[in-house]
Amino acid sequence: MKLKDNFYQKVYDVVKKVPFGMVTTYGTIAEHLGAKKSSRLVGYAMNLSHNNIEIPAHRVVNRNGLLTGKHHFNGKDLMQKLLESEGHEIINNQIVNFEKVLWKPKHTSK
DNA sequence: ATTCTGACGTGGG
DNA sequence: CCCCACGCCAGAA
């Protein structure tokens, strides 16, 4: 049981599926899992999984496209650097054209 | 065990 | 537009 385990598992899986040059949001993932209200869990799951270098957590931002979790990386603007390296433009900790690089699960073709 | 906080999001006043 | 509260789960003090 423990559907929550499945929940985290899905979060990791989805995040790892995020293609290069694309980003996603906690709310989008949570909604995809059918727990939009548990958007916090997604962020929390990231925190637990941030040990898993295989998970591009830097591609996950809040619904505002704001790099809310950039402080949780190497403690520097590593998150911003990574995003910029992938072709994103960050201004004031916010992703430019965020909606244009926003990637959604099961809607990859775009 | 209890209390607070945290990578969020939505709604109400 | 700004502030507060609720929902969700887990870890730390």
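Owing to the predicted nature of the structure, the values given are computational and were not obtained by experimental measurement. Chain naming here is simple, since letters A, B, ... match the order of the sequence lines and numbering starts at 1 in each.
The only member of A:Leu83, A:Asp77, A:Leu82 that meets side-chain contact (heavy atoms from CB on, under 4.5 Å) when paired with A:Gln80 is A:Asp77. Residue A:Ile95 forms a side-chain contact (heavy atoms from CB on, under 4.5 Å) with just one option from A:Leu102, A:Val101, A:Asn64, and that option is A:Val101.
To the nearest 0.5 Å, atom OH of residue A:Tyr44 and atom CZ of residue A:Phe7 are 13.5 Å apart.
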Requested in this report: Starting at the 5' end of nucleotides 7-13 of chain B, put B wherever the base has a protein heavy atom under 4.0 Å, S where only the sugar-phosphate does, and a dash everywhere else.
Outcome: BBSS---
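The gap from the P atom of C:dC6 to that of B:dT3 amounts to 15 Å, rounded to the nearest Å. Nucleotides C:dA10 and B:dT10 are separated by 22 Å at their C1' atoms, to the nearest Å.
Taking all atoms of both residues into account, the shortest heavy-atom contact from A:Leu66 to A:Asn93 is CD1-O, 3.1 Å.
Between the side chains of A:His58 and A:Glu86, at least one donor N or O lies within less than 3.5 Å of an accepting N or O.
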